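Throughout, a chain's letter reflects where its sequence line sits, starting with A, and its residues are numbered from 1. Everything numeric in this text was worked out from a predicted model, so none of it was measured.
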Amino acid sequence: MAVPEGHTIHRLSRDLYRTFGGSPVQATSPQGRFSEGAAFVDGRPLTRSTARGKHLFLEFDETLLHIHLGLIGKFRPRPFDVPAGESVRLNLANGGEDWQLTGPQTCAVINRAEEAAITDKLGPDPLARGAKADRFVEQLARKSAPIAAVLLDQAVIAGIGNVYRAEFLFLLGIDPHTPAKQLPTDQAVTLWNLASDLLRVGVKLNRIVTVSRQDAGMALSRVANDDRLYVYKREDQPCRHCDAPISIGKVGGRSVWWCHVCQPA
DNA sequence: GCAAAATGTCAAG
DNA sequence: TTGACCTTTTGCA
């Protein structure tokens, strides 16, 4: 359910710093697959936590933990009544709260140079402070691949995943198969701004909600999970704007959903 | 009880 | 383009 796109990682970065920032952290690997790395940072204070796209960096002075949750990874507080299980790759504790990392695609000790190598490959992150549309717009103009495929390319825009891509394209009335370079510049800018706005909503609510306040008919924080999106995984349900059935197809090797009426070819 | 799927990414064919 | 990886949750016998 709560599998991560960029909003998840930024929220996690914030929550982890609020919990552990500034004080020594006890790090262990109950699963055993990260024992060395955990021992390396154990007892050191967490000095900073940053998110870039879907990558999380926990800084212990010049030593960093690089974490990428991948498709199924989770990093969450341990329920107070449940002991650390065998699947916990990394457990962080401060004597009060425990946070547990399971199923990550990446969990590794790295240095600054390695961090730079990772972030250099990423496109602009709409959640970064002061991020601008320029580089994103330039890249779109050069890509003939379908816009839905380009939106998943982390070198073009960092942090977008399969839910957001489908929802953005619905909100802008763009068919997912449209070649990226065919988007007018002003529409590309609008797409960037929409990403920026909706990812921020995602960070705040800690889940993806793309419906408008108007369509929801209530505060976004109270919208039911079944009602928070327009098209993602809603095939054969009526479009919330025009009642046409939602279509499903594959673009860039992943399923994509759209309304053929609201998003004409 | 087991298979399948899941919001991701990379490497091999 | 496909398979592999990692784990949890869901749905079907």
Chemist: What are the two closest non-hydrogen atoms of Asp227(A) and Arg240(A), and how far apart are they?
Modeler: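 Answer, listing the atom of Asp227(A) first, then Arg240(A): O-NH1, 2.7 Å.
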Chemist: Between dA4(B) and dG3(C), how far is it from one C1' atom to the other, in whole Å?
Modeler: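 Comparing C1' positions in dA4(B) and dG3(C) gives a spacing of 16 Å.
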Chemist: Please list each protein N or O that sits under 3.5 Å from an N or O in nucleotides 2-7 of chain C, with the distance.
Modeler:
from, atom 1, to, atom 2, distance (Å)
dC6(C), OP1, Arg33(A), NH2, 3.3
dT7(C), OP1, Gln31(A), NE2, 2.4

Chemist: Please name all residues satisfying side chain to side chain contact (heavy atoms under 4.5 Å, CB included) with Glu97(A), sequence neighbours left out, ordered by chain then number.
Modeler: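 Once residues adjacent in sequence are excluded, the partners of Glu97(A) under the side chain to side chain contact (heavy atoms under 4.5 Å, CB included) criterion are Thr19(A), Pro77(A), Asn94(A), Trp99(A).
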Chemist: Using a cut-off of strictly less than 4.0 Å, decide whether Arg165(A) has a side-chain nitrogen or oxygen near OP1 or OP2 of dT7(B).
Modeler: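 Checking dT7(B) against Arg165(A), no side-chain N or O comes under 4.0 Å of OP1 or OP2.
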Chemist: To the nearest Å, how far apart are Phe75(A) CZ and dG8(B) P?
Modeler: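 Answer to the nearest Å: 20 Å.
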Chemist: If you take all heavy atoms of Gly173(A) and Pro264(A), which pair is closest and at what distance?
Modeler: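 Of all heavy-atom pairs spanning Gly173(A) and Pro264(A), the closest is O-CD, 4.1 Å.
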Chemist: Could you check how far CG of Asp153(A) sits from C1' of dT9(B), rounded to whole Å?
Modeler: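 Atom CG in Asp153(A) sits about 12 Å away from atom C1' in dT9(B).
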Chemist: Counting only heavy atoms from other residues, nucleotides and ligands, does the tally under 6.0 Å from CZ of Arg48(A) exceed 12?
Modeler: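 No, because the 6.0 Å sphere around CZ of Arg48(A) holds 12 heavy atoms or fewer from other groups.
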Chemist: Whole-Å distance between dG8(B) P and Ile118(A) CD1?
Modeler: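 Distance check: Ile118(A) CD1 to dG8(B) P gives 18 Å.
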Chemist: Atom OH of Tyr164(A) and atom C1' of dG8(B): how far apart are they, to the nearest Å?
Modeler: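 It works out to 16 Å between those atoms.
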Chemist: To the nearest Å, give me how far apart CZ (Arg234(A)) and P (dT7(B)) are.
Modeler: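 The distance from CZ of Arg234(A) to P of dT7(B) comes to 16 Å, rounded to the nearest Å.
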Chemist: Is Glu138(A) paired with Arg135(A) through a side-chain N to carboxylate O contact shorter than 4.0 Å?
Modeler: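 Answer for the salt bridge query: no.
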Chemist: Any side-chain N or O of Gln154(A) less than 4.0 Å from the OP1 or OP2 oxygen of dG8(B)?
Modeler: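 For Gln154(A), the contact criterion (side-chain N or O under 4.0 Å from OP1 or OP2 of dG8(B)) is not met.
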Chemist: Roughly how many Å is it from NE2 in His66(A) to P in dT9(B), rounded to a whole number?
Modeler: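 After rounding, the gap between these two atoms is 10 Å.
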Chemist: Which value, in whole Å, describes the distance between the P atoms of nucleotides dT2(C) and dA5(B)?
Modeler: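 dT2(C) and dA5(B) have their P atoms separated by 15 Å.
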Chemist: Round to the nearest Å and state the distance from Leu122(A) atom CG to dG8(B) atom P.
Modeler: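 So the CG-P distance, Leu122(A) to dG8(B), works out to 14 Å.
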Chemist: Between atom CG in Leu152(A) and atom C1' in dT9(B), what is the gap in whole Å?
Modeler: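 These atoms are roughly 11 Å apart.
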Chemist: Can a salt bridge be assigned to the pair Arg112(A) and Glu59(A) using a cut-off of 4.0 Å between side-chain N and carboxylate O?
Modeler: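 Judged by the 4.0 Å cut-off on N to carboxylate O distance, Arg112(A) and Glu59(A) do form a salt bridge.
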Chemist: Could you go through Leu12(A) and Ile67(A), starting from their C-alpha distance and side-chain angles, then the distance that decides it, and tell me whether this counts as side chain to side chain contact (heavy atoms under 4.5 Å, CB included)?
Modeler: CA-CA 11 Å; Leu12(A) 192 50; Ile67(A) 292 162; over 6 Å; no
Chemist: Give a yes/no answer on whether the side chain of His68(A) brings an N or O atom under 4.0 Å of OP1 or OP2 in dT9(B).
Modeler: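 Checking dT9(B) against His68(A), a side-chain N or O does come within under 4.0 Å of OP1 or OP2.
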Chemist: Rounded to whole angstrom, note down the C1' distance from dC10(B) over to dT8(C).
Modeler: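 22 Å, rounded to whole Å.
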Chemist: OP1, OP2 of dT9(B) versus side-chain N and O of Lys54(A): anything below 4.0 Å?
Modeler: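 Looking at the OP1 and OP2 atoms of dT9(B), one of them is under 4.0 Å from a side-chain N or O of Lys54(A).
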